[in-house]
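Inspection log for the structure reproduced underneath, given as structure tokens.
Residue numbers begin at 1 in each chain, while the letters A, B, ... track the order of the sequences.
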Amino acid sequence: MITPDDLRAIAAWSRDLTQPEFEEARRGVSFRIYGKGSNICHVGDRLESWTGVAEGLVKMSTTSKTGKSATLAGMRAGAWFGEGTVIKAEPRRYELVALRETRLALMRRSTFMWLFEHSAAFNRFLVHQFNERLAQFIAIAETDRTLDSTARLARNLAWLFNPTLYPGQDRTLVVSQEELGLLAGMSRQIANQGLAKLEALGLLEVGHGSVTIRDLERLARYEG
DNA sequence: GCATTAACAGCCG
DNA sequence: CGGCTGTTAATGC
């Protein structure tokens with residue numbers, strides 16, 4: 001079972017629960033580690049747990065009929081996902097890949113359903129998260145075909161700093177240019193060029209193995 | 001033109 | 001040292 005401090009650290013939603021709700025959540029969470037590049041699940045898998053990223057970096061993507069892979073969301077430590085699959089008790093509709101060594105927190109379906117039935121705070125969190133994801137997916141539908149590589153990079157980066165999905169995060173993320181390339185669907189070299197462009201515009205600052213956001217609003221809206 | 005892979009020197013932790 | 005960065009060359013759609 002996860003310690004209270006660890007749960008609070010990796011799950012912003014847990015901080016708003018009542019004491020009994022928090023204890024119920026704590027009892028239902030366990031961990032699992034995935035190696036770099038490993039598949040967490042394929043389309044159609046019945047990964048029945050609600051899932052949080054405790055450490056690492058995960059890509060959620062779909063593959064079109066023509067075989068092209070498109071990123072739906074990048075998720076860093078603190079992200080939680082899979083509620084749609086758990087609530088509807090249906091197979092996953094997307095692929096999940098660990099872009100680096102990743103530790104996932106798995107919440108039993110029964111625990112999730114208990115919180116869903118009993119906790120107002122938990123439901124508030126779910127609504128906010130649904131709302132944010134919907135906005136992201138609408139953005140994909142609107143613009144994905146026309147965006148150049150730099151704009152795709154900008155959007156994928158902005159997701160990782162979404163203040164609703166990651167409340168209280170600072171402006172710096174430890175992430176390599178290769179990982180950003182994997183996330184945004186481009187080679188490391190092109191990710192490198194894109195970062196240089198965005199840095200020149202003052203939207204972010206590139207460090208050695210890290211990125212610091214300077215202007216999240218403009219980064220999220222960047223379209224070339 | 002814009003992307004990819006391969007290669008490599010240089011830098012950083 | 002090992003990993004990451006910045007850059008170039010060769011090549012492909």
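Rounding to the nearest 0.5 Å places OG1 of A/Thr102 at 12.5 Å from CZ of A/Arg32. The line from CH2 of A/Trp80 to CG of A/Leu104 is 9.5 Å long, rounded to the nearest 0.5 Å. Distance check: A/Glu21 CD to A/Ser14 OG gives 11.5 Å after rounding to the nearest 0.5 Å.
Residue pairs meeting the side-chain hydrogen bond (donor to acceptor under 3.5 Å, both in side chains) criterion with at least one partner in residues 125-140 of chain A, sequence neighbours excluded, are A/Glu83-A/Gln129, A/Glu83-A/Arg133, A/Glu132-A/Asn162, A/Glu132-A/Thr164.
Aromatic ring orientation, A/Trp13 versus A/Phe125: tilted (interplanar angle from 30° to 60°).
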Reading nucleotides 8-13 of chain C from the 5' end, what letters show protein touch, with B for base, S for backbone sugar-phosphate only, - for no heavy atom under 4.0 Å? B-----
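A/Tyr34 pairs by the side chain to side chain donor-acceptor pair (under 3.5 Å) definition with nothing, not counting sequence neighbours.
Using a 4.5 Å heavy-atom cutoff, the side chains of A/Leu115 and A/Trp50 are not in contact. Within the 4.5 Å cutoff, side-chain heavy atoms of A/Ile2 are placed close to those of A/Ile10.
Nucleotide C/dC4 holds its P atom 11 Å from the CG atom of A/Leu182, rounded to whole Å. Remark: P of C/dT7 and CD of A/Gln177 are 10 Å apart, rounded to the nearest angstrom.
Across all strands, A/Ser187 comes closer than 4.0 Å to base atoms (heavy-atom distances).
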Pair up each side-chain donor or acceptor in residues 188-203 of chain A with any protein partner under 3.5 Å, not counting sequence neighbours, and list the distances.
from, atom 1, to, atom 2, distance (Å)
A/Asn192, ND2, A/Gln177, OE1, 2.8
A/Glu199, OE2, A/Val206, N, 2.9

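Listed by residue number, the members of residues 195-216 of chain A with any heavy atom below 4.0 angstrom from DNA chain C are A/His208, A/Gly209.
With hydrogens and angles disregarded, a donor-acceptor distance shorter than 3.5 Å links the side chain of A/Arg76 to the backbone of A/Leu160.
Where DNA chain B meets chain A (any atom under 4.0 Å from a heavy atom), the bounding nucleotides read 5' to 3' are B/dA3 to B/dC12.
A/Asn192 has a side-chain polar atom (N or O) that falls below the 4.0 Å cut-off from OP1 or OP2 of C/dG6.
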